[in-house]
Amino acid sequence: MSGHLPPLVVMGVSGCGKSTVGALLGRRLGRPFLDGDDFHPAANKEKMGAGIPLTDSDREPWLAVLGGLLAGRDGLPGAAPGLFEGTADGGPTVPPIVACSALKRRYRDLLRSYAPDLVFVHLAGSAETIGARMDARAHEFMPRTLLESQFAALEELAADEAHVLGDITQPLDVLVEAVARQLEAGAPWAPAAPGSVPEAVHSA
């Protein structure tokens, strides 16, 4: 992608392929990839592993950490040292790609309050398709039983949220290339209008 490189969040319900697609997209675009699940505190992981959906108060500190990562703040828990250094030729810092469910509008607004130019890549698929994928895999702390609650929580992206869509029924290489080309072309999203991204108080 030429010119300004916005940070990206690969989003969607559990089992849609965020980590796999995010890592491949990072390789395709030459961007660092971070799996948001790695930044959940132990209490969140234990709760999800027991089949208990997280509350907003459980998620907010985690989303704040991810927001800091998207904004290029180094030294955050779990982030590799020097992740946000500039390029070898002295160019600007390369923003990361972060995998995060980002199901609700208020979660996405919180992330955008840290990184207003954030672009979401929504990996979309049916409950049947994603459920079949979850049945065929083992996840550290996200059981199949939570999928229904994830779909219930999912709020579709609005026109004022910069985003592109990925069809998870496509082969992986086709999906990643299609998303990368949309991003490289500066897909038809509108920049955030003044005042459209809520402000938040961020601790240093």
Side-chain angles (χ1 to χ4, degrees), residues 1-40 45 48-49 62-63 66 69-70 78-80 83 87 94-104 107-108 111-112 115 117-158 161-189:
M1 187 188 294
S2 59
H4 176 65
L5 297 172
L8 303 173
V9 163
V10 180
M11 61 163 285
V13 300
S14 180
C16 69
K18 296 184 293 293
S19 299
T20 300
V21 172
L24 292 172
L25 192 59
R27 193 176 307 162
R28 167 65 174 76
L29 296 174
R31 310 278 292 278
F33 169 71
L34 299 168
D35 192 332
D37 283 349
D38 293 340
F39 298 87
H40 269 298
K45 293 181 179 181
M48 290 186 288
W62 170 67
L63 290 167
L66 299 187
L69 292 168
L70 290 162
L83 175 66
T87 57
V94 178
I97 298 172
V98 174
C100 170
S101 53
L103 300 178
K104 295 184 180 182
Y107 302 161
R108 300 190 293 266
L111 294 173
R112 291 196 301 153
D117 58 345
L118 180 61
V119 175
F120 296 97
V121 177
H122 183 198
L123 302 182
S126 69
E128 292 75 20
T129 297
I130 295 173
R133 291 186 178 189
M134 292 188 76
D135 287 339
R137 72 168 195 176
H139 192 281
E140 177 190 1
F141 53 82
M142 182 59 75
R144 167 76 155 82
T145 52
L146 288 180
L147 182 60
E148 183 177 347
S149 69
Q150 292 235 317
F151 269 102
L154 177 62
E155 296 174 359
E156 296 298 328
L157 287 147
E161 297 177 276
H163 67 277
V164 299
L165 298 178
D167 178 0
I168 68 165
T169 64
Q170 294 180 317
L172 261 178
D173 57 340
V174 174
L175 167 58
V176 170
E177 187 61 25
V179 169
R181 289 188 178 185
Q182 288 183 76
L183 294 167
E184 289 173 330
W189 58 68

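Side chains included, hydrogens not; waters and symmetry mates left out as well; all remaining heavy atoms used.
- With values rounded to the nearest 0.5 angstrom, I97 atom CD1 is found 10.5 Å from L70 atom CG.
- Counting all heavy atoms, side chain and backbone alike, S19 lies closest to F33 at O-CZ, 3.6 Å.
- The closest side-chain heavy-atom distance from M11 to H163 is not below 4.5 Å.
- The shortest heavy-atom contact between P6 and V119 is CG-CG2, 3.9 Å.
- Residues L29 and E184 meet the side-chain proximity criterion, which asks for heavy atoms closer than 4.5 Å.
- When all heavy atoms of H122 and L157 are compared, the closest pair comes out as CB-CD1, 3.6 Å.
- Between W62 and G36, the closest heavy-atom pair is NE1-O, 2.9 Å.
- Separating the CG atom in L111 from the CG atom in L66 is a distance of 6.5 Å, to the nearest 0.5 Å.
- A 4.5 Å side-chain heavy-atom check between P95 and L8 finds every atom pair outside the cut-off.
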Carefully, step by step, assess F39 and L34 under the rule side-chain contact (heavy atoms from CB on, under 4.5 Å).
CA-CA 9 Å; F39 298 87; L34 299 168; 4.2 Å; yes

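- At least one donor-acceptor pair under 3.5 Å links the side chain of K18 to the backbone N or O of V13.
- Judged by distance alone, with hydrogens and angles left aside, the side-chain atoms of R31 form no donor-acceptor pair with the main-chain N or O of L25 at under 3.5 Å.
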